[in-house]
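Within every chain, numbering begins at 1; the chains are lettered A, B, ... in the order of the sequence lines, protein sequences first and strands thereafter.
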Amino acid sequence: MPKKSLKKPIIPFQKKVFDIVKKIPRGKTLAYKKVAELAGSPNAYRAIGNILNKNKNNKIPCHRVIMLNGRIGGYNKGIKRKIFLLKKEGIKIK
DNA sequence: CGTATGACGTGCA
DNA sequence: GTGCACGCCATAC
């Protein structure tokens, strides 16, 4: 087992975000701020959107991440796509 | 290292 | 309820 680095985790904030978003159950939504909180930085909600947007990773239900306001926010694949997916899961969009 | 960017959140008019 | 400005943090260059 490789020794654990005593320094800060080499794992980028991105990885934590993905891990959390991946755990979002179908039909449920999670706010960016909430994800940041679970990631360990309740004030990094800004970075959350930044990371997801750049990653374009289809491995995570990033469409389930919305604003606390209940808005959609955005989607690098197209905001329309996000609305469609959420609506399909039974989530209403304002 | 400093600047710029971005799928946010909050406060106030 | 809506719109605007500011602040916040991580990442890219």
Exercise. B/dA7 phosphate, OP1 or OP2: any side-chain N/O from A/Arg81 under 4.0 angstrom?
Worked result: no
Exercise. Rounded to the nearest Å, what distance is computed from the CG atom of residue A/Asn53 to the P atom of nucleotide C/dA12?
Worked result: 12 Å
For this session: Dump the intermediate steps for side chain to side chain contact (heavy atoms under 4.5 Å, CB included) on A/Arg64 and A/Val21, then the final yes or no.
Result: CA-CA 8 Å; A/Arg64 288 186 189 135; A/Val21 174; over 6 Å; no
Exercise. Can you tell me how far P of B/dT5 sits from CD of A/Gln14, to the nearest Å?
Worked result: 21 Å
Problem set entry | Rounded distance (Å) that lies between atom P of C/dC8 and atom CD1 of A/Ile48 | 17 Å
For this session: Identify whether any heavy atom of A/Leu52 sits under 4.0 Å from a base atom; if not, whether one sits that close to sugar-phosphate; answer base, sugar-phosphate or nothing.
Result: base
Exercise. Taking atom P of B/dT10 as reference, at what distance in whole Å does atom CD of A/Glu37 sit?
Worked result: 11 Å
For this session: Report yes if a side-chain nitrogen or oxygen of A/Asn43 is closer than 4.0 Å to either non-bridging phosphate oxygen (OP1 or OP2) of C/dC8; otherwise report no.
Result: no
Problem set entry | Interatomic distance where CG belongs to A/Leu30 and C1' belongs to B/dA7 [whole Å] | 14 Å
Exercise. In terms of the nearest nucleotide of DNA chain B, which residue is placed more toward the 5' end: A/Asn69 or A/Gly49?
Worked result: A/Gly49
For this session: May I have the distance from A/Tyr45 (atom OH) to B/dA7 (atom P), rounded to whole angstrom?
Result: 16 Å
Exercise. Got a second to check how far A/Leu85's CG is from A/Cys62's SG, nearest 0.5 Å?
Worked result: 9.0 Å
Problem set entry | Closest to the A/Ala44 side chain, choosing from C/dC9, B/dA7, B/dT10 | C/dC9
Problem set entry | Short N-O contact, A/Asp19 and A/Lys23, less than 4.0 angstrom | yes
Problem set entry | Upstream residue (5' side of DNA chain C) when A/Ser41 and A/Arg71 are each assigned their closest nucleotide | A/Arg71
Exercise. Above 12 or not: heavy atoms from other molecules or residues under 6.0 Å from NZ of A/Lys16?
Worked result: no
Exercise. Which atom pair, heavy atoms only, marks the closest approach of A/Phe13 to A/Ile51?
Worked result: CD2-CD1, 3.8 Å
For this session: Take atom CE of A/Met67 and atom P of C/dT2, then tell me their distance rounded to the nearest Å.
Result: 14 Å
Exercise. Does the base of B/dA7 carry an N or O that pairs as donor and acceptor with the side chain of A/Tyr32 under 3.5 Å?
Worked result: yes
Problem set entry | Interatomic distance, A/Lys54 NZ vs B/dA7 P [rounded to whole Å] | 10 Å
For this session: Would you mind classifying the nucleic acid contact of A/Phe13 as base, sugar-phosphate or nothing, using non-hydrogen atoms under 4.0 angstrom?
Result: sugar-phosphate
